[in-house]
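Here the structure comes first, spelled out in structure tokens, and everything after it is commentary.
Quick note on labels: first sequence line is chain A, next is B, and so on, each numbered from 1.
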Amino acid sequence: MSKENNFYITTTLPYTNSDPHIGFAAELIKADVIARWQNLAGKQVVFNTGTDEHGLKIWQQAEAAGLTPRAYCDPYAARFASLKEALNLSFTNFIRTSDRNHEQAAQEFWRRCAKNGDIYKKTYSVKYCVGCELEKTESELIDGRCPLHPNRELELIEEDNYFFRFSKYQQPLLDFYQNHPDFVVPSHRFTEIKNFIAAGLQDFSISRLKAKMPNGVPVPGDDEQVMYVWFDALVNYISTLGWPDDEENFQAFWPAVQVCGKDNLRQQTAMWPAMLLSAGLPLARQVLIFGFLTANGQKISKSLGNGVDPFDLLGKYGADALRYYLLTEIPPFEDGDFSEERLIQKYNADLANGLGNLVARVSNLLEKNNITTSLRADDGAAAVYLSQEANLSSYQFSRTLQSIWQDIAACNEELSARAPWKLAAKEEIAAVLLPLAERILGIATRLQPFLPSTAQRIISQFTQVQIIKGEVLFPRLDAAAKTA
RNA sequence: CGCGGGAUAGAGCAGUUGGCAGCUCGCCAGGCCCAUAACCUGGAGGUCGUCGGUUCGAAUCCGACUCCCGCAACCA
């Protein structure tokens, strides 16, 4: 398989200290559409996701639960992995940063950066709140004090940590950006990171004292230190391909398209690229920075616990309805608000009244009039259509869906205008219905990356010789169903 | 003057190079009766955040201002 026929996309790895929320589901769904689209276009696709299981928070929670970090994360990892069936995702790889081969890859990555002279030891002073028994970052402090214990002075703790020579890569990163104008999407995020890099870089800490926090990958050649969670976590993008042992697979699929939330901008578009430059590896193909979701106008926060539960929604509405809502109503790169009322509105207006009703009308008329067909799904035509959709190439999923929905509306108009139910001759009725059946099949084929399960149902229904009405695709919802 | 985004109909949004302000939902009226109280046609509803400038012409370009939001090295 030549490299041109391969495509690799990866999400970020969520930190497993809580259940999946709607924002991460949105990231997975957008990545899935891209993966399925590329696959439909004939590419061999690697689609990676997984869980990030190192670091302090998981260590503390595991300690409290009396479990090893790995055992503590097991049910969380299983829950994230189960999103595959729940959201109807096509990911091929699910990596846990606690996997043995990932830890080995992170160590090899470290050695390469070290060999290149980019890792050095430095005394690092951290602010420590005795009240919380926690290290505090500047952003957590208010007026230089812990907001939870404002009466206590913060202690300064000094420890030796390894640092990564980020500063060395300022110019190489700027050069790379210059030569790769599509590296970061959307462009305003690219501007943001360029400005950040141009302002100057500080080396960052990439290890922690093992005695204080052992939940990390051991630093090669130093028993006292483990890697800071970010350093090893980013390596998952290549360790999932089998790097460094499986050079052939790595070469076949890397570089990736990486997707992430806007909070991850620096890690994904600056720190990780600098690390790759240091290790002598090619940088990612492209990084897509998605916006954030609010839930009913409120910021989603793990600590507030107001994250909308995707499993709950999927139980009520199904994967395709949630996918459709998130893809059409939420702009991919800007912040958006998740509202269950809007989901129900879109479901009724577009899925039940639009697509579902059209399928029911046409299939019912075909069945009642005993009209037979000989249609075949044409994935090739769908791939051509989607590849020519400039909106999809720029990841404007909602616009592609809008254009498909214009076809649905056009079919409904034509059906009403030609009113085959008023005709007597079977040939005349067939002359109206057969082209419509073909258009519906085309619509379903193009819908495959977006609504995979619905698309499959329509395709199998409309490739029968005698198309029958069958079950309603999207039963209309009562707005009151929300609370049910 | 730290960086970035946003403000367009009741709500959610689109408006790529300046050229009659659009889409969806909701609302009103009519039609249809195949279909999931669905479908089709028409209608009401906007000073495009404010002020100024460029132009024959500005939602769009330029300047100033107001208000919201995110980031500022844990976070999808």
Ring pair (Phe, Tyr, Trp, His ring centres under 6.0 Å) partners for A/Trp405, two or more places apart:
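A/Tyr324.
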Runs of at least three consecutive pairs that involve RNA chain B, where pairs are Watson-Crick or G-U with distances under 3.5 Å:
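Consecutive-pair runs (3 or more) involving RNA chain B: B:2-7 with B:66-71, B:10-13 with B:22-25, B:27-31 with B:39-43, B:49-53 with B:61-65.
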[atom1] atom, [N] versus [M]: distance in rounded Å?
N	M	atom1	answer
B/U8	B/G15	P	14 Å
B/G52	B/U60	P	14 Å
B/A7	B/C13	C1'	13 Å
B/A58	B/G18	C1'	6 Å
B/G57	B/A14	P	29 Å
B/C28	B/G63	C1'	45 Å

Rounded off to whole Å, could you give me the [atom1]-to-[atom2] distance for the [X] and [N] pair?
X	N	atom1	atom2	value
A/Asn412	B/A35	CG	C1'	9 Å
A/Asp263	B/A72	CG	C1'	13 Å
A/Leu436	B/C39	CG	P	16 Å
A/Ile467	B/A35	CD1	P	17 Å
A/Arg418	B/C33	CZ	P	17 Å

Looking for any heavy atom pair under 4.0 Å, which part of the strands does A/Lys422 touch: base, sugar-phosphate only, or nothing?
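Here A/Lys422 touches the backbone only, sparing every base.
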Where does the angle between the aromatic ring planes of A/Tyr317 and A/Tyr347 fall among parallel (under 30°), tilted (30 to 60°) and perpendicular (over 60°)?
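Rings of A/Tyr317 and A/Tyr347: tilted, as their planes differ by 30° to 60°.
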When you compare the ring of A/Phe292 with the six-membered ring of B/A76's base, are the centres less than 5.5 Å apart and the planes under 30° from each other?
yes
Quick one: are A/Phe231 and A/Ser205 in side-chain contact, heavy atoms under 4.5 Å?
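No, their side chains stay 4.5 Å or more apart.
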Quick one: which of B/U36, B/A76, B/C34 gets closest to the side chain of A/Phe24?
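So the side chain of A/Phe24 is nearest to B/A76.
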Please tell me which of the listed nucleotides, B/A35, B/C74, B/C25, lies nearest to the side chain of A/Gln345?
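Looking only at heavy atoms from C-beta outward on A/Gln345, the closest nucleotide is B/C25.
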Validation row, ring centre A/Trp272 to ring centre A/Phe109 under 6.0 Å
yes
Between A/Phe290 and A/Phe333 (judged by ring centroids, cut-off 6.0 Å), do the two rings come close enough to count as a pair?
yes
Hey, does the side chain of A/Asp203 reach the backbone of A/Phe163 with a donor-acceptor pair shorter than 3.5 angstrom?
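Checking the backbone N and O of A/Phe163 against the side chain of A/Asp203, no donor-acceptor pair under 3.5 Å is found.
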Taking atom CD as the centre, does A/Glu438 end up with more than 12 heavy-atom neighbours from other residues, nucleotides or ligands that are less than 6.0 angstrom away?
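No, CD of A/Glu438 has 12 or fewer neighbouring heavy atoms, counting only those of other groups under 6.0 Å.
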